[in-house]
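Notes follow once the structure below has been shown.
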Amino acid sequence: MARNKLMSINEALDLINDGDEIAIGGMSFHRNPMSMAIAIVKSNKRDLALVDREPGLAFDLLTISGRVKRIRAAMVTFEHFGIAPGFRRMVEGGEVEFVEDVCEGVMAGLRAGAYGLPFMPSAIALDSDLVPLNVKRGIWKVTKDPFNDQELVVVKAIRPDVALVHVHKADERGDVEIYGPKYEDLLKIQAARKAIVTAEEIVSEDYFRDHPERLTIPGFMVTAVVHSPRGAWPTSMYGYYKADYEIIKKYFDSVKAGLSIEKVLEVFTHG
Amino acid sequence: MARNKLMSINEALDLINDGDEIAIGGMSFHRNPMSMAIAIVKSNKRDLALVDREPGLAFDLLTISGRVKRIRAAMVTFEHFGIAPGFRRMVEGGEVEFVEDVCEGVMAGLRAGAYGLPFMPSAIALDSDLVPLNVKRGIWKVTKDPFNDQELVVVKAIRPDVALVHVHKADERGDVEIYGPKYEDLLKIQAARKAIVTAEEIVSEDYFRDHPERLTIPGFMVTAVVHSPRGAWPTSMYGYYKADYEIIKKYFDSVKAGLSIEKVLEVFTHG
Amino acid sequence: MADMDNVIKCMARQLRDGDIAYTGLASVPAVLAVALARHWGVNTWFINVAEIYEPEDFIITPSSGDPYSLINGRGFVISLDAFDLARRGQLDVMFFSAAQVDRRGNMNLSVIGNYEKPRVRLPGGAAAAYLYRRARRIVMWLREHSRRTLVERVDFITAPGPTKQGPHLTICTPKAMLEFDHVSGELVLTGLFSGVNIDEVINNMAFKPRVREPLSMLEPVTDEELQFLGRLDPSGVRYL
Amino acid sequence: MADMDNVIKCMARQLRDGDIAYTGLASVPAVLAVALARHWGVNTWFINVAEIYEPEDFIITPSSGDPYSLINGRGFVISLDAFDLARRGQLDVMFFSAAQVDRRGNMNLSVIGNYEKPRVRLPGGAAAAYLYRRARRIVMWLREHSRRTLVERVDFITAPGPTKQGPHLTICTPKAMLEFDHVSGELVLTGLFSGVNIDEVINNMAFKPRVREPLSMLEPVTDEELQFLGRLDPSGVRYL
């Protein structure tokens, strides 16, 4: 019944404008939207901003692409490999602005954005040194609970222009199944003005009628569907494939060694 | 590994104290916790308060039980049968206090309760006549968005003492599956200090390991599990049985006719 | 053919391709309006209080929240998600009925008479105090076109009428169609069912609405449409 | 046997029957501590950033967020639910590490040096600015017991230390155990690994902690425990 949202990765790329704020799906080395991230790196987009809570490979790759001017996250780690290498290089070098948030702040901001509310109360500790910094940045405020006058931090709604999420299955209407861990991906899709999903499999009209309990995201929340088998690789896709830590380690070493973005991309083409 | 939470309906009843505020699961004539509601009617509990968004049969039955002094809801309807008969009789007669809320208020209050936040912003229309009433009752406040100074209604967290939810399957640890419509039942269970689930089926240890995608509520959120086959009857249990509208109509007519609670209960025993 | 079938057709006419529509409790006429529009080929997204997403077929029961009444859905979309969608400004159509609606479009689902000592305690407004303002378009049905339902001033404002910014409000009654006019801030008469006299419409309201010329002639339900509605609702819940 | 095995055992000792424990990213030692406590028969609930609820077994990879690393769970519990639980005051144990922790229990995961022009840009504190205060008990591990990590005043307060009201904070290092004392508002030395000299502990800290007598003797990991940890983490990610 609904409009066919199936498109190529280049058509989906056209939905992203210079200056857009982009929410990245997945977490750490898991279910990252790698195929879209690589497409953006190879595009001529400019002045992008990224937002995520605990981002990983896709976020770090975009950070060193030259297409991103600002990033916002609660922790940017390559876990037991070390601090995310592109993040460290670009932020220490002052080439990318880092808005240091906290899990509680990103979750609260995404909830407010997803729920169509202007802000969300939080339990952020008032005496963290991040409070004055993020109040100054205009994303947090210290205010009082109107019922008992106690001070608390409230977080302004995050409404990204675009969300990029890699999923297990989608139909051409945009109905989506994500199997297993979801992270904040549903909030990101709801909060964003446009949601681009890349899917391991495109399923027929009948799939969700036959398995209604598998619907994770209804089609009216989704702007574009791109068929992208192994689109999370080398990050993991639960139920389909594991993370390829050798490739991730190669990426880590290449960025740490200061290689150019073109050279770094070769890590993925020869994977 | 965890403590066995399986108990009889009478043991579960002991978890409810006089004066408790109870959140009722399900909606209208669907997945109501009927077996627990009937047990409470037959008990000697006193001064209970009920809260739900769009309650139905279980809520109305409790309202006429003489055990409830206050109810809070957004709409109390028997849908195409008419206004909920016990609600109308008890509220018009002044025997039960009715806190008239709205969907937006109950959802916001339950979200705040479930999220451990003191209050939640809302989109309640400022010029509804309900605003001054619920501000006076202390459950809403008119305040300003700290980011742009616009007025809005904020809702105080709802933290019921007990949530009663009927579910499809549970194991003795309290891990729960609800199939299909969920309403706000997850929020109710999270927001409540104690959660009592009645279950159509008790499943073995292995069930959720074999079907991890079927877990709706993890066991650490649940206080008690009661095996209660057909525990929602005569309301519907999606996937198991349909609503029995003849019995519901009999209930409606009995209450409208002013029958005693003992007579009304016979509707369910001879069903 | 009963009046409600015409009302349902008037409601169905308000739906357009691409709309995301939501129906609440005690709303069998709204479910049937969505079904009828889809039967005509209008391409809508349908979410509802029963939480069955995009049902393929319908078997009406006394509850519009009945998950067994909406057949073969594509999944479950909970009401929290639907309400969030509306708060983001993305819900196109919400259906309501009311015990009273007034000149300003204010609606009452709370009490008839005094709030503290009501003559009739109504069920409460459910989503109205929010969705009535936040959906893009409101389609309201009234079972009765009378001075009792179309009042000068509601006894209680459960939900305030639209503002100059929105939403669009259309009211379908057994006699006519009214719409909220964003310039005058009042309900205006915009349509009549064929065979209904304009004086009969206005004399049965407690306020005198302006008339937007030319009045559209509302088509009564056809035999085929009636048959369609009868197949979905053989026991006639829509007439209750 | 490396120092980290002892640290993991010290962490595991903090878990009790009935605890609900959560582990975050870059937290393989914390995952192994939960696994070790369960191996001893401690009956905990385990939720984690990988969102695999109550895994039956573990195969450590370089990511503690790896859903393939946590085997045969009973379902998926997302981090939002875990954080809500903590906000309600129901999360018993949260694990953290830090680049610096100071006398007052403040922790730093943001920068070494000046915030605007840092010498090292650290990854950020993730959940710390909230869970470090809202979990009931915090178990922290430090890979290094040194003047670099145990400082008089952190360069940046990513998360402030406990208050007199809570939470309980325990720090396990390769040499000793420190706990936050709610009366003095400072970290105190409460345990030593056998064979470690108290002066060696204190001389390797940038502040001089009070000592709570009698100091407990921390048991080093046994061969059997080491074998258990080695089976779960054969490539030694815990040592990275």
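Numbers restart at 1 for each chain; the letters A, B, ... are given by sequence-line order, proteins then strands. Worth knowing before you read on, the calculation uses all heavy atoms, side chains too, and leaves out hydrogens, waters and symmetry mates.
The structure places CG of D:Leu80 at 9.5 Å from CG of A:Leu186, a figure rounded to the nearest 0.5 Å.
Within the 4.5 angstrom heavy-atom criterion, atoms from both the backbone and the side chain of D:Ser64 approach chain A. For D:Ala50, the part lying under 4.5 angstrom from a heavy atom of chain A is the backbone only. Neither the backbone nor the side chain of A:Leu126 comes within contact range of chain D; no heavy atoms are under 4.5 Å apart. Looking at D:Arg238, there are no atoms closer than 4.5 Å to chain A (heavy atoms on both sides), in backbone or side chain. Neither the backbone nor the side chain of A:Ala84 comes within contact range of chain D, judged by heavy atoms closer than 4.5 Å. If you measure heavy-atom distances from D:Val77 to chain A, you find no contacts under 4.5 Å at all. Proximity to chain D (any heavy atom under 4.5 Å) is restricted, for A:Met237, to the backbone atoms N, CA, C and O. Residue A:Tyr245 touches chain D through its side chain alone, counting heavy-atom pairs closer than 4.5 Å. In this structure, the portion of D:Ile78 lying under 4.5 Å from any heavy atom of chain A is its side chain and not its backbone. With a 4.5 angstrom heavy-atom cutoff, A:Phe87 touches chain D only via side-chain atoms. Residue contact with chain A, scored on non-hydrogen atoms closer than 4.5 Å, involves the backbone and the side chain of D:Tyr130 alike. Only the side chain of A:Val91 comes within less than 4.5 Å of a heavy atom of chain D; its backbone N, CA, C and O stay farther away. Residue D:Val49 touches chain A through both its backbone and its side chain, counting heavy-atom pairs closer than 4.5 Å.
Residues D:Tyr22 and D:Phe46 place their aromatic rings such that the two centres sit no closer than 6.0 Å. For D:Phe96 and D:Tyr132, the ring centers are positioned less than 6.0 Å apart.
Most heavy-atom pairs under 4.5 Å with chain D: of the set A:Gly82, A:Ser122, A:Gly180, this distinction falls to A:Gly180. Comparing A:Arg31, A:Met75, A:Met27 by how many heavy-atom pairs each has under 4.5 Å with chain D, the most go to A:Met75. Counting heavy-atom pairs under 4.5 Å between each of D:Leu122, D:Thr158, D:Leu25, D:Leu240 and chain A puts D:Leu25 at the top. Considering only heavy-atom pairs separated by less than 4.5 Å from chain A, the leading option among D:Gly124, D:Pro160, D:Ala126 is D:Ala126. For chain A, the option among D:Ala159, D:Gly24, D:Gly65 with the highest count of heavy-atom pairs below 4.5 Å is D:Gly65. Ranking A:Cys103, A:Ser28, A:Gly94 against chain D, the residue ahead of the rest is A:Cys103, based on heavy-atom pairs under 4.5 Å. Ranked by heavy-atom pairs under 4.5 Å with chain A, the first of D:Pro67, D:Ala129, D:Ala127, D:Ser27 is D:Pro67. Of the listed residues A:Val106, A:Val102, A:Ile248, the one with more heavy-atom pairs under 4.5 angstrom with chain D than any other is A:Val102. Among D:Ile52, D:Val120, D:Val237, D:Val111, the residue making the largest number of heavy-atom pairs under 4.5 Å with chain A is D:Val120.
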Begin from the C-alpha positions of A:Asp60 and A:Tyr251 and carry the test side-chain hydrogen bond (donor to acceptor under 3.5 Å, both in side chains) through to its verdict.
-> CA-CA 10 Å; A:Asp60 199 68; A:Tyr251 169 90; 2.8 Å; yes
Apply side-chain hydrogen bond (donor to acceptor under 3.5 Å, both in side chains) to D:Thr61 and D:Asp66, showing your working.
-> CA-CA 7 Å; D:Thr61 72; D:Asp66 191 338; 3.0 Å; yes
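Residues of residues 129-139 of chain A that come within less than 4.5 angstrom of chain D, heavy atom to heavy atom, are A:Asp129, A:Leu130, A:Leu133, A:Arg137 in numerical order. Using non-hydrogen atoms only and a strict 4.5 Å limit, no part of residues 140-160 of chain A faces chain D.
In summary, the side chains of D:Ser184 and D:Asp181 do present a donor paired with an acceptor at a separation below 3.5 Å, with no hydrogens or angles considered. Remark: the A:His168 side chain and the A:Glu201 side chain contain no N/O donor-acceptor pair separated by less than 3.5 Å. Side chains of A:Tyr179 and A:Glu200: a donor-acceptor N/O pair is absent below 3.5 angstrom, by distance only. Under the 3.5 Å distance criterion, with hydrogens and angles disregarded, no donor-acceptor pair is assigned to the side chains of A:Glu79 and A:Thr77. In summary, the side chains of A:His30 and A:Ser236 do present a donor paired with an acceptor at a separation below 3.5 Å, with no hydrogens or angles considered.
Put simply, the side chain of A:His80 never gets that close to the backbone of D:Ser63: no donor and acceptor are under 3.5 Å apart. For the pair D:Arg137 (side chain) and D:Gln14 (backbone), a donor-acceptor distance under 3.5 Å is present. The main-chain N or O of A:Ala232 is found under 3.5 Å from a side-chain atom of A:Tyr241 such that the two form a donor-acceptor pair. Counting only distance, with no hydrogens or angles, the side chain of D:Lys164 and the backbone of D:Val183 share a donor-acceptor pair below 3.5 Å.
Side-chain atoms of D:Arg153 and D:Phe207, non-hydrogen and from C-beta on, never get closer than 4.5 Å to each other. Taking 4.5 Å as the limit, every side-chain heavy atom of D:Glu186 sits out of range of all side-chain heavy atoms of D:Phe180. Considering only heavy atoms from C-beta on, A:His166 stays 4.5 Å or farther from A:Asn32 through its side chain.
Here ring pair (Phe, Tyr, Trp, His ring centres under 6.0 Å) pairs that include residues 142-161 of chain D, with residues two or more places apart or in two chains, are D:Tyr115-D:Phe156. Applying the salt bridge (charged side-chain N to carboxylate O under 4.0 Å, His left out) definition to pairs two or more places apart or across chains, those involving residues 86-98 of chain D are A:Glu104-D:Arg87, D:Asp84-D:Arg87, D:Asp92-D:Arg136.
In summary, of the residues considered (D:Leu36, D:Asn48, D:Leu70, D:Asp233), a side chain to side chain contact (heavy atoms under 4.5 Å, CB included) with D:Val31 occurs for D:Leu70 alone.
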